[in-house]
Amino acid sequence: MTEQMTVVKVGIADMNTVKTPNSIRTSGLGSCVGVVLYDQLRGVAGLVHIMLPDSSLSKTTPVNIAKFADTALVALVKKLERLGAKKNCLKAKIAGGAQMFQFSGTTDIMRIGPRNVEAVKKQLQQLNIPIFAEDVGGNSGRTIEFNPENCQLMIRTVNKGTSVL
Amino acid sequence: MAFIDNIHSLHLDVLKEIGNIGAGHAATSLSKLLNKKIDMQVPDVQIISFAEIMELAGGSENIVAGIFLRIEGDVSGSMFFMLPIDQATNFAKGMIGDDSIDLRHPPFGELPLSALQELGNILSGSYLSSLSDFTNLSLYPSVPALAIDMAGAIVSYGLIELSQVSDYAIVINTAINEENTCASESVNGHFFLLPDPDSFYTIFKALGVTVDD
């Protein structure tokens with residue numbers, strides 16, 4: 001293999017796509033949720049770093065579509081289709097949605113992690129995309145990296161080491 | 001309307017002064033607590049994107065001890081005190097007097113975590129009470145919460161409120177560090193004060209600065 005492999009980085013409230021042999025990663029997922037959508041046959045994958053569950057929470061226009069679960073997933077599917085992925089071949093792996101801090105008087109905004117996960121799952125169901133693996137909740141930050149070649153999602157945490165889904 | 005469009009350099013100067021006063025008092029408290037001289041840098045106020053905040057905290061994957069608290073009252077917002085993990089270890093060692101403490105690898109003992117939480121409590125308390133005296137606004141801090149994790153995971157939590165309104169944040173960042181020591185042994189941390197968007201008007205009004213609509 002002489003081909004140079006690169007890792008595409010995705011920032012907070014951002015999305016991007018890759019083709020084999022490149023991989024894609026996002027770091028420092030706390031209450032945010034990282035969603036990987038991939039079409040194994042065609043070797044394409046997309047990753048989005050979602051901050052909030054629903055674009056109706058936004059008080060400004062234009063909306064940054066990568067920030068919200070509902071708008072981000074629809075946009076990512078479109079982006080992947082343009083790269084040649086077939087929508088009915090898409091599968092999902094998700095990680096994140098942690099509860100970083102424990103407060104006694106937990107308000108709704110402080111429960112943002114679990115709410116993000118719920119919203120992502122609901123949206124994936126609406127789009128008919130099956131979730132093949134997930135590592136959500138808990139109270140650790142995560143860094144995730146996905147390789148569309150073998151469709152493995154590597155998850156690194158500070159307190160619990162590295163795992164592969 | 002994007003609230004950030006109405007913020008000019010005068011406003012940033014006012015916020016800088018807030019950072020100066022708050023962190024100055026906090027540095028004094030830290031100095032008393034550790035019985036060491038503490039230096040403070042001139043605060044830095046920036047309007048930056050979320051991705052840049054992560055860079056300010058040393059990169060989103062950088063492991064830090066982060067003390068986070070919510071501010072309620074006349075002004076609401078989030079506040080962080082972040083210490084690189086090595087320095088958090090040094091601090092806990094110094095405060096407890098136990099050299100075997102190592103916060104770089106779990107499991108973390110209860111005592112060092114409690115010591116760090118107390119550090120956060122004292123520093124943020126003095127920061128906010130001086131701010132409250134200066135502006136005549138009531139500020140009620142929540143009990144600080146501590147996490148040892150990736151900086152990105154910690155800071156993003158404080159951005160949730162803001163992220164509903166904007167993709168940018170006004171960060172009041174002050175670094176404090178121990179005087180005359182080599183970097184590996186000193187305690188130096190960053191304060192991040194992230195007022196919620198609605199609070200800026202209240203702060204400026206309390207200080208007699210107008211914000212044109």
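A note on names: the letters A, B, ... follow the listed sequences, proteins ahead of strands, and every chain is numbered from 1.
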Any idea which of A:Ser140, A:Ala98, A:Ala13, A:Gly96 has the most non-hydrogen atom pairs under 4.5 angstrom with chain B?
-> A:Ser140
Check whether A:Arg142 gets within reach of chain B through its side chain, its backbone, both or neither, counting any heavy atom under 4.5 Å.
-> backbone
Is a side-chain donor or acceptor of A:Lys79 paired with a backbone partner of A:Thr17 at a separation under 3.5 angstrom?
-> no
One option among B:Gly152, B:Ala153, B:Gly66 has the most heavy-atom pairs under 4.5 Å with chain A, and it is B:Ala153
Against chain B, label A:Asp14 side chain, backbone, both or neither, depending on which of its atoms sit under 4.5 Å from a heavy atom there.
-> neither
Quick one: what part of A:Met100 sits under 4.5 Å from any heavy atom of chain B, side chain, backbone, both or neither?
-> both
Taking A:Asn116 for its side chain and A:Met51 for its backbone only, find out whether a donor-acceptor pair lies under 3.5 Å.
-> yes
For the pair B:Asp74 (side chain) and B:Leu137 (backbone), establish whether a donor and an acceptor sit closer than 3.5 Å, ignoring hydrogens and angles.
-> no
Pick one of side chain, backbone, both or neither for A:Leu29, based on which atoms fall under 4.5 Å of a heavy atom in chain B.
-> backbone
Please answer whether the main-chain N or O of A:Ala119 pairs with a side-chain N or O of A:Asp54 as donor and acceptor at a distance below 3.5 Å.
-> no
State whether a side-chain donor-acceptor pair under 3.5 Å links A:Asp70 with A:Ser55.
-> yes
Portion of B:Leu146 that has a non-hydrogen atom of chain A nearer than 4.5 angstrom = backbone
So, the part of A:Thr26 with a heavy atom under 4.5 Å from chain B: the answer is neither
Which answer fits B:Ile63, side chain, backbone, both or neither, if we ask what part of it has an atom under 4.5 Å from a heavy atom of chain A?
-> side chain
Give me the ring orientation class for B:Phe192 and B:Phe80: parallel if the planes are under 30° apart, tilted from 30 to 60°, perpendicular past 60°.
-> perpendicular
For the residue pair B:Phe68 and B:Tyr157, does the interplanar ring angle fall in the parallel (under 30°), tilted (30 to 60°) or perpendicular (over 60°) class?
-> perpendicular
